[in-house]
Amino acid sequence: MFYLTKDDPELARLVRNEGNRLETTINLIAAENHSPASILEVMGSVFNTKTIEGYPGNRFHAGCIHVDEVENLAMTRGKRLFNAEHINVQPHSGTSANLAVYFSVLKTGDRILSMSLPHGGHLSHGHKASITSQCFDFYHYKVNYETERIDYDQVRKMARSIKPKMIVAGASSYPRLIDYEKMSQIAKEVSAFFLTDMAHLAGLVAAKLIPSPIPWSDFVTFTCYKTMMGGRGGVILCKNIFGKKIDKAVFPGCQGTSAVNLIAAKALIFKLALEEKFVFIQKKTLENAEIMARALMEKGYHVISCGTDNHQVLVDLTAKGISGKAAEDSLMAAGIILNRNVVPQDEKTSGKVSGIRLGSGAVSARGMGKPQMREIIKLMDMALMNQTKKEVIKKVKEHVLALCQAFPIKKAF
Ligand code: DSN
């Protein structure tokens, strides 16, 4: 931070403050993680300077000798890690990756069947606030309100009546495994393309701890900063037959120059993901989510679908009489960081956000395990049940700090 402190002490202070915030709070945001320091290093490297358009060996600017190697490395490593036929490492984000997939094989106005947002889907799966809904004609399947799991019969029924050109599997807040084989079968039955968005699950898939959607999907998109523990940015995997269309849809279709520093970070995390340490953290991530879900249910919380198969735990707070926002705020005051989240029942009460989403990635990367997960849930419950009692919140915060100090953020693998 030598140069930043010299050029802009105010900004340097903010960077230090953010580092301090991360060290002294418990991060349960399911869409975040702690990255190795080498990821931060390469994202801040000289590759930040280079403008690229096109693909390795066919660029629109000179001087790409080294970035061509970087992109080739990211592609080779990514394909090997996920056993994929074709890869594009240029998308700026998961949403950019999804947009490129839609535009690669669909025409504006075509029908797409994806998961409803309150039931777990993502904005870029055709939510009305997303530009995706203006470009394509989206229909949404839901979870069964009793089991709170995907109802595949309902998906099949909808697919047969709507006849979509594409079916999307994958979610932002769905704690259960998805049956990709079944979803791909449904897509085949109606001659639809099949896209899986595994943004949240990529690290668990890379570690081979949960089933991979890759053998079943025409296209798979993901981001690198959630369970994957890398830098920012998105990736598309697809079957070879779609490779040219995907590359054209990313550049020049949906994006101009891509971020070489982020492509370099992708190359790095695809290497680190093969290491034992990465797999160990992913195992802990799964175990820790399960422990948190159980501890919450023991305390009488409504855990969506009665548990979890991945890194997420979704809690409906309606019965506790606490809104998602109130829970998020009082937990933040106590040093526990998570996000309020819509839950399936919120579909019926437009605008209400009745839940919270917990993720186990970042705490697992810090080395926390079973005793710490049980302690975190105990502290969460104390904070939630005593939202207006300042002395209780202060006491919880002290415990949170002690926990954080015992498990500092690890800088390296
Ligand atoms: N998809 C959003 C989330 O899950 O929070 C951000 O990546």
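What you are looking at is a predicted structure, and each value in this text was computed from that prediction instead of being measured. Atom set for the values below is all heavy atoms of this structure, side chains included, hydrogens, waters and symmetry mates excluded.
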* Salt bridge or not for Lys79 and Glu85, using N-O below 4.0 Å? -> no
* Asked: How about Ile131: does its CD1 atom have over 12 heavy atoms from other parts shown lying under 6.0 Å from it?
  -> no
* **Short side-chain to backbone donor-acceptor contact, Ser133 and Ser130, under 3.5 Å** => yes
* **Lys397 atom NZ, neighbour heavy-atom count above 12 within 6.0 Å** => no
* Structure fact -> Here the pair of heavy atoms bringing Ala293 nearest to Gly307 is CB-CA, 4.1 Å
* Is there a salt bridge (charged side-chain N to carboxylate O under 4.0 Å, His left out) between Glu391 and Lys394 once you walk through the steps? -> CA-CA 5 Å; Glu391 70 286 5; Lys394 189 166 164 261; over 6 Å; no
* Point-to-point distance, once rounded to the nearest 0.5 Å, from NE2 of His34 to CG of Asn27 -> 5.0 Å
* Asked: Do Lys239 and Asp218 sit within salt-bridge range, that is, some charged N less than 4.0 Å from a carboxylate O?
  -> no
* To do: Consider only side-chain N and O atoms of Asp316 and Ser354, and report whether a donor and an acceptor are under 3.5 Å apart.
  => no
* Cys135 SG to Leu99 CG distance, which is reported to the nearest 0.5 Å -> 6.5 Å
* Short side-chain to backbone donor-acceptor contact, Asp247 and Lys244, under 3.5 Å -> no
* To do: For residues Pro213 and Val205, determine if any side-chain heavy atom of one lies less than 4.5 Å from a side-chain heavy atom of the other.
  => yes
* Asked: Is any side-chain heavy atom of Asp137 less than 4.5 Å from a side-chain heavy atom of Asp110?
  -> no
* Asked: Just by distance, do the side chain of Arg77 and the backbone of Ala267 share a donor-acceptor pair under 3.5 Å?
  -> yes
* Asked: Do you see a donor-acceptor pair shorter than 3.5 Å between the side chains of Gln405 and Glu23?
  -> no
* Structure fact -> side-chain contact (heavy atoms from CB on, under 4.5 Å) with Ile167: of Leu195, Ile112, Leu113, only one passes, and it is Leu113
* Have His125 and Asp197 got a donor and an acceptor in their side chains that come within less than 3.5 Å? -> yes
* Do Thr349 and Asp346 have side-chain heavy atoms sitting under 4.5 Å apart? -> yes
* To do: Under the side-chain contact (heavy atoms from CB on, under 4.5 Å) rule, what do His200 and Thr227 come out as? Steps first, then yes or no, please.
  => CA-CA 6 Å; His200 270 267; Thr227 50; 5.8 Å; no
* Salt-bridge contact Asp153-Lys157 (side-chain N to carboxylate O under 4.0 Å) -> no
* **Ser104 (side chain) donor-acceptor with Ile246 (main chain) under 3.5 angstrom** => no
* To do: Test side-chain contact (heavy atoms from CB on, under 4.5 Å) on Gln372 and Leu403 and set out the steps.
  => CA-CA 8 Å; Gln372 292 74 41; Leu403 207 48; 3.9 Å; yes
* Asked: What about the rings of Tyr102 and Phe138, do their centers lie closer together than 6.0 Å?
  -> yes
* What about the rings of Phe194 and Phe219, do their centers lie closer together than 6.0 Å? -> no
* **side-chain hydrogen bond (donor to acceptor under 3.5 Å, both in side chains) partner of Ser116, the single match among His127, Glu347, Lys142** => Glu347
* **Under 3.5 Å donor-acceptor, Asp309 side chain and Arg176 backbone** => no
* To do: Decide whether a cation-pi geometry holds between Lys348 and Tyr145; the criteria are a distance under 6.0 Å from NZ or CZ to the six-membered ring centre and an angle within 45° of the ring axis.
  => yes
* To do: Supply the atom-to-atom distance Leu317 CG to Lys325 NZ, rounded to the nearest 0.5 angstrom.
  => 14.0 Å
* Do Glu398 and Lys395 sit within salt-bridge range, that is, some charged N less than 4.0 Å from a carboxylate O? -> no
* Asked: With a cut-off of under 6.0 Å to the ring centre and 45° to the axis, is Arg366 in cation-pi contact with Phe407?
  -> no
* Where Met229 and Ser35 come nearest, the two heavy atoms and their spacing -> O-OG, 3.3 Å
* Answer yes if the side chains of Asp381 and Tyr301 hold a donor-acceptor pair under 3.5 Å, and no otherwise. => yes
* **Salt-bridge contact Arg374-Glu298 (side-chain N to carboxylate O under 4.0 Å)** => yes
* Are Ile52 and Ile263 side-chain neighbours, meaning at least one heavy-atom pair lies under 4.5 Å? -> yes
* Asked: Does NZ in Lys165 sit with more than 12 non-hydrogen atoms of other residues, nucleotides or ligands closer than 6.0 Å?
  -> no
* Structure fact -> Minimal heavy-atom distance between Val143 and Glu148, with the atoms involved, is CB-C, 3.8 Å
* To do: Looking only at non-hydrogen atoms, find the nearest pair between Arg357 and Ser173 and report the distance.
  => CD-CB, 3.9 Å
* Structure fact -> Closest non-hydrogen atoms of Thr196 and Ser217, given as atom of the first, atom of the second and distance, are OG1-OG, 2.8 Å
* To do: Just do the side-chain contact (heavy atoms from CB on, under 4.5 Å) check on Leu28 and Ile337 with the steps written out, would you?
  => CA-CA 6 Å; Leu28 295 179; Ile337 310 298; over 6 Å; no
* **Arg16 side-chain N/O to Leu11 backbone N/O, donor-acceptor pair under 3.5 Å** => no
* Can you find a pair of side-chain heavy atoms, one from Ile178 and one from Trp216, that are under 4.5 Å apart? -> no
* **Enclosure of Glu146 CD (heavy-atom neighbours >12, cutoff 6.0 Å)** => no
* To do: Quick one: pull up CG in Leu237 and CE in Met75 and give me the separation to the nearest 0.5 Å.
  => 12.5 Å
* Could you check if a side-chain atom of Phe136 sits within less than 4.5 angstrom of a side-chain atom of Arg111, using non-hydrogen atoms only? => no
* Asked: Do NZ/NE/NH1/NH2 and the carboxylate oxygens of Glu290 and Arg294 come within less than 4.0 Å?
  -> yes
* To do: Answer yes if the side chains of Thr221 and Asn98 hold a donor-acceptor pair under 3.5 Å, and no otherwise.
  => yes
* Asked: Is Glu287 reaching over with its side chain to a backbone N or O of Lys370, donor-acceptor style, under 3.5 angstrom?
  -> no
* Does one side chain, of Gln345 or Thr318, offer a donor that lies under 3.5 Å from an acceptor on the other? -> no
* To do: Could you tell me whether a side-chain N or O of Thr308 sits under 3.5 Å from a main-chain N or O of Asn310, the two making a donor and an acceptor?
  => yes
* To do: Begin with the C-alpha distance, continue with both residues' side-chain angles, and end with the deciding distance and a verdict on side-chain hydrogen bond (donor to acceptor under 3.5 Å, both in side chains) for Ser45 and Asn261.
  => CA-CA 7 Å; Ser45 70; Asn261 54 333; over 6 Å; no
* Would you say the ring centroid of Phe222 lies under 6.0 angstrom from that of Phe82? -> yes
* So do the side chains of Ser93 and Arg232 get within less than 4.5 Å of each other, counting heavy atoms only? -> no
* **Within 6.0 Å of NZ in Lys277, more than 12 heavy atoms from elsewhere** => yes
* **Considering all heavy atoms, the nearest Ile322-Ala327 contact** => CG2-N, 3.9 Å
* Asked: Donor-acceptor pair, Glu32 side chain versus Lys226 backbone, under 3.5 Å?
  -> no
* Spatial distance of atom CZ (Phe47) from atom OG1 (Thr49) [nearest 0.5 Å] -> 10.0 Å
* Asked: Do Tyr174 side-chain atoms and Ile150 backbone N/O form a donor-acceptor pair below 3.5 Å?
  -> yes
* Asked: Quick one: are Cys306 and Met297 in side-chain contact, heavy atoms under 4.5 Å?
  -> yes
